[in-house]
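First the structure, in the form of structure tokens, and then the observations on it.
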Amino acid sequence: MGTALVGRLGRWLDLGLGLAVGHVASIPDARVLHYGSGMPAFDPASLLLAWYDRDRRVLPWRYAPGEAADPYHVWLSEVMLQQTTVAAVIPYFQAFIRRWPRVGDLAAAATEEVMAAWAGLGYYARARNLHACAKLVAEWRGGRFPEDEAGLRQLPGIGDYTAAAIAAIAFGHRAVVVDGNVERVMARMFAVTDPLPAAKPRLKELAATLTPDDRAGDYAQAVMDLGATICTPRSPACGLCPWRPGCRAQALGLAESLPAKVEKAERPTRRGVVFWLTAPDGSVLLRRRPPKGLLGGMMEFPSTDWRDAAWSLDEAAPSAPLAPKSWRLLPGLVTHTFTHFHLELTVAAGRTPAQPAVRGVWCPLDRLEEQALPTLMRKVARHALAKAY
DNA sequence: CAAGCGTGGCA
DNA sequence: TTGCCAAGCTT
């Protein structure tokens, strides 16, 4: 790149984007920014769509150009993708559409089945809301999703991001789709140094200035793909970026340091004792957690509370599902990290002569996989099966 | 509206 | 090993 071009780019960055950052609303058409007379226009949407048409990723919920999107598939994938990586979602998405091909099929399923199918994907309120939403759409709307953001936004589990994404991707409506990728891309494009989450409204305004009227769905997916594959959190591949000529952070050497974020609180460690109670027929005691809160509606092995201080067996015993002759503390710990705390569980193993009447359900060991057991409880089962037999 | 809410991969 | 991060929503 010659010195002259660098100079003109620098001028464009200062005059063009500098103006755009400070006075977005006053720019007649911020989507086409000019960096000096005689220079071609920098048209972000066109450049990005050209890149997308060339390098588009193939994903199970994505359709070939010109093919109509299935709103059910778009909705299901978007809910699964909330705070969840593409790699983690793919097998769950395929299992769900194979088992429940249409939204009416999902609506007709039992909530427990949906929870069990969701087990391992995390954020289990999503599964509850997913099923509630499917029932609303199937029973009150003839299986058709609302097409506009406002209508979508009223459904359980659909917030600002997901409503915009479905409106754009499934129905082709212009919508300003802002997820974590878009926030990062905008923070860099416009060199926004204010930390998240306070900067969110500003980043959405900036995203709106770049969002075109046409090809709404392709554009939305293109920005997110850009963030996922090129404008990555660490080591962004600026050399491959179609928006490099307009990226203020890249020009300033700030790309990798943006977006700024407020520090997160330290994660405390909590501790508990979990009871692995087996009967002579080879079944183990499970119970269902309360419908809301941590792991809400999922199955678990009975346990004490999870608190800061460690437990002695005597302290833990009153929390046990029953009082057998003896609980045996298994060696080792089951550790798991949630969003906001670490957990260390000690497993206490016990046997009962028969299946006594206790709260919960007895599950054969070879059928544990079918249960709505979150990953933490699968770790407990693996630990108990390895140490107790 | 800040906090609560999972999990796995990666540096 | 530890911390960060991922196509956020709800209360």
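Quick note on labels: first sequence line is chain A, next is B, and so on, each numbered from 1.
Mapping A:Phe341 and A:Lys379 onto DNA chain B by nearest heavy atom places A:Phe341 at the nucleotide closer to the 5' end.
If you check the side chains of A:Tyr161 and A:Glu78, you find a donor sitting under 3.5 Å from an acceptor. Looking only at atom types and distance, the side chain of A:Asn181 has a donor-acceptor partner in the side chain of A:Arg184 under 3.5 Å away. For the residue pair A:Asp314/A:Ser312, the side-chain donor-acceptor check at 3.5 Å is not satisfied. With hydrogens and angles left out, the side-chain atoms of A:Arg188 and A:Gln250 include no donor and acceptor closer than 3.5 Å. Side-chain contact, A:Arg271 with A:Thr304: no donor N or O sits under 3.5 Å from an acceptor N or O.
Between B:dG8 and C:dT1, the two C1' atoms lie 16 Å apart (nearest whole Å). Between the P atoms of B:dC10 and B:dG6, the separation comes to 23 Å (whole Å). On the P atoms, C:dA7 is 23 Å away from B:dA3, given to the nearest whole Å.
The span of DNA chain B lying next to chain A, judged by atoms under 4.0 Å from heavy atoms, is bounded 5' to 3' by B:dG4 to B:dG8.
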How would nucleotides 3-11 of chain C be written as a contact map, 5' to 3', with B for base contact, S for sugar-phosphate-only contact and - for no contact, using protein heavy atoms under 4.0 Å? --SBBBSSS
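Nucleic acid contact for A:Pro197: none, since no nucleic acid atom lies under 4.0 Å from a heavy atom of the residue.
By the 6.0 Å and 45° rule, A:Arg267 does not stack over the aromatic ring of A:Phe341.
Relative orientation of the A:Tyr63 and A:His73 rings is parallel, given thresholds of 30° and 60° on the angle between their planes.
Counting only distance, with no hydrogens or angles, the side chain of A:Ser283 and the backbone of A:Ala279 share no donor-acceptor pair below 3.5 Å.
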